[in-house]
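In what follows, a structure is listed as structure tokens, so that the remarks can point back to it.
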Amino acid sequence: MKAISLFSGAMGLDLGLEQAGIEIMCCVELDSSAVKTINNNRPDLPVIREDISTLKGNYILSKIGISDRSNINIVVGGPPCQAFSIIGRRKGIKDLRGKLVFEFLRIVEEINPEYFIMENVRGLHSMIVETENGKKSLYDMLIEKIISIGYVVDTFFVNAVNYGAPQIRERIIMIGNRLNKKAEFPSPTHSDKPNENQKYFRNLGDVLIDFKDPDSDIMDFSERKKKYLSYVPEGGNWRSMPIDIQKESMGKSWYLKGGRSAYWRRLSMDSPAPTIVTMPNHASTSMCHPKQIRALTVGECSAIQTFPSHWKFIGTPAEKYRQIGNAVPVVLGKMAGIAIQNISKSTKLRSKMDNHEIIHIRPHVRTRQYYKAGKVYSGSPYLSSQQPIK
């Protein structure tokens, strides 16, 4: 099978598809540092560095020397998700980045492949947008568009930790096809309560213990931030600090409601990492090494995102972190590719009324940690029950 990749970034999704036996024919990516990363690792792979909103499907095909659309089986991509993230301001399609989900579908319509894969944050599903006719669900608008261009679609709510990534990263993966077949995402291979066919979740220690770092570039914490992080034990956050230090370090944020669990966070070797972010040295989204008072390096974040160790990121430390934090974990790309391969082998057709389904595959995974008398307790299967993290 052959695929065209849109919004390719550092090729996390694409590398996973390759592992599932799908050939990437070209990438479309606007970010200059990501393009340099692709060129460095895949020097023979065509890359179109242009704004997708100005491109036509025929133009993309011509750039890779393909005149017959039937030679492309899949269009894949993860349109920028910041406009839909529950962490951000959620401007939706008022944000130019939010409108790119429809540009993705326009290219799908123009190339008309048998399949498409679109990845995004779970916030896309709950986004409400203003239209000429009032408020409407963005997700419903997408489904209407997908069906109108001749595809059936299945939306999978998944979590990378269930497939062997040492990271809790919840995403939605939409898999469409114009063969009127149902997609089936692979069953989880890992769990905190594994059955006979599963393994335990991979935790951060599985990556960081005896880790040979392929890229030690770092955007580290300031000395002021390191002073506050020195109060935090492995697996803890701001709640582990003395009250006066909490107030001093957090300012007005201390009085806000909500868990703020990422504030002054130090990771734990005995748990999967939280979602890798693009700026790990922020106080409010801290990605502090479990044993050392420093941020995770570029190489460590790359490994947590399941990139192969030989994959070299190009750019400044900030540009590298952005590429990694915005990427699809490679292992999720592989699972999506397996799902496509399984559709191609299936002979079972959907009913006429069955053109869309939402499937939740244990997406809501949380580490079991709590704080008592300044100590961090964990219910991790790797630790004795209700024992404080050392």
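Note that this is a predicted model, so its numbers are computed, not measured. For this chain, numbers begin at 1 and follow the sequence in order.
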What is the minimum heavy-atom distance between [X] and [Y], and which atoms define it?
X      : Y      : result
Pro329 : Ala160 : CG-CB, 3.9 Å
Tyr151 : Gly176 : CD2-C, 4.1 Å
Gly164 : Thr189 : N-OG1, 4.1 Å
Ile172 : Arg122 : CG2-CA, 3.9 Å
Ser309 : Pro214 : O-CB, 3.6 Å
Cys26  : Ile48  : SG-CD1, 4.5 Å

Do [X] and [Y] sit in the same hydrophobic cluster, where Ile, Leu, Val, Met, Phe, Trp and Tyr count as joined when their side-chain heavy atoms come under 4.5 Å apart?
X      : Y      : result
Met287 : Ile293 : no
Tyr228 : Leu256 : no
Val152 : Phe157 : no
Ile64  : Phe116 : yes
Phe307 : Leu45  : yes

Between [Y] and [X], is there a side-chain heavy-atom distance shorter than 4.5 Å?
X      : Y      : value
Leu100 : Glu103 : yes
Ser33  : Ile314 : no
Ser32  : Arg49  : yes
Met241 : Met250 : no
Ile146 : Met174 : yes
Lys334 : Tyr163 : no
Val161 : Asp192 : no
Cys301 : Tyr321 : yes

Under 3.5 Å, is there a donor-acceptor pair between the side chain of [X] and the main chain of [Y]?
X      : Y      : value
Glu119 : Arg171 : no
Asn177 : Glu114 : no
Arg69  : Asn112 : no
Asn120 : Pro79  : yes
Trp311 : Ala10  : yes
Asn203 : Pro272 : no
Thr275 : Ile168 : yes
Lys36  : Gly315 : no
Glu29  : Gly9   : yes
Asn162 : Pro188 : no

Once side-chain hydrogen bond (donor to acceptor under 3.5 Å, both in side chains) is applied, what residue pairs with a partner in residues 339-349 remain, sequence neighbours excluded? none
Atom pair [atom1]/[atom2] of [X] and [Y] - distance to nearest 0.5 Å:
X      : Y      : atom1 : atom2 : value
Ile107 : Ile60  : CD1   : CD1   : 4.0 Å
Glu184 : Ile343 : CD    : CD1   : 9.0 Å
Asn159 : Arg362 : CG    : CZ    : 8.5 Å
Leu61  : Lys56  : CG    : NZ    : 13.5 Å
Ile72  : Met1   : CD1   : CE    : 12.0 Å
Gln19  : Leu17  : CD    : CG    : 9.5 Å

Is it true that atom OH of Tyr231 has more than 12 heavy atoms of other residues, nucleotides or ligands lying nearer than 6.0 Å?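 For Tyr231, atom OH is not crowded (no more than 12 foreign heavy atoms under 6.0 Å).
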Should the heavy atoms of other residues, nucleotides or ligands under 6.0 Å from NZ of Lys226 be counted, would the total exceed 12?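 Yes - once you tally the heavy atoms of other residues, nucleotides and ligands closer than 6.0 Å, there are more than 12.
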side-chain contact (heavy atoms from CB on, under 4.5 Å) partner of Val76, chosen from Asp14, Ile175, Leu6: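 Answer to the side-chain contact (heavy atoms from CB on, under 4.5 Å) test with Val76 among Asp14, Ile175, Leu6: Asp14.
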Can you tell which of Ser249, Ser284, Ser286 makes a side-chain contact (heavy atoms from CB on, under 4.5 Å) with Tyr263?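 The residue from Ser249, Ser284, Ser286 that satisfies side-chain contact (heavy atoms from CB on, under 4.5 Å) with Tyr263 turns out to be Ser284.
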Given the rule in the side-chain contact (heavy atoms from CB on, under 4.5 Å) test, do Arg350 and Asp154 qualify, once you have shown the distances and angles that lead to the verdict? CA-CA 12 Å; Arg350 307 170 81 118; Asp154 294 291; 2.8 Å; yes
Is the shortest distance from a Lys or Arg side-chain nitrogen in [X] or [Y] to a carboxylate oxygen in the other one below 4.0 Å?
X      : Y      : result
Lys136 : Glu144 : yes
Arg106 : Glu109 : no
Lys182 : Asp354 : no
Lys2   : Glu23  : yes

Applying the side-chain hydrogen bond (donor to acceptor under 3.5 Å, both in side chains) test to Gln246, which of Trp254, Trp238, Trp264 qualifies?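 The residue from Trp254, Trp238, Trp264 that satisfies side-chain hydrogen bond (donor to acceptor under 3.5 Å, both in side chains) with Gln246 turns out to be Trp254.
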Val298 vs Ser216, test: side-chain contact (heavy atoms from CB on, under 4.5 Å). Steps then yes/no. CA-CA 6 Å; Val298 166; Ser216 59; over 6 Å; no
Can Arg42 and Ile24 be said to form a side-chain contact (heavy atoms from CB on, under 4.5 Å), step by step? CA-CA 11 Å; Arg42 290 283 192 272; Ile24 304 300; over 6 Å; no
Please work out which of the three classes, parallel, tilted or perpendicular, describes the rings of Phe185 and Phe156, given edges at 30° and 60°. tilted
Stepwise side-chain contact (heavy atoms from CB on, under 4.5 Å) test for Arg260 and Arg265: CA-CA 10 Å; Arg260 293 152 290 164; Arg265 175 178 56 193; over 6 Å; no
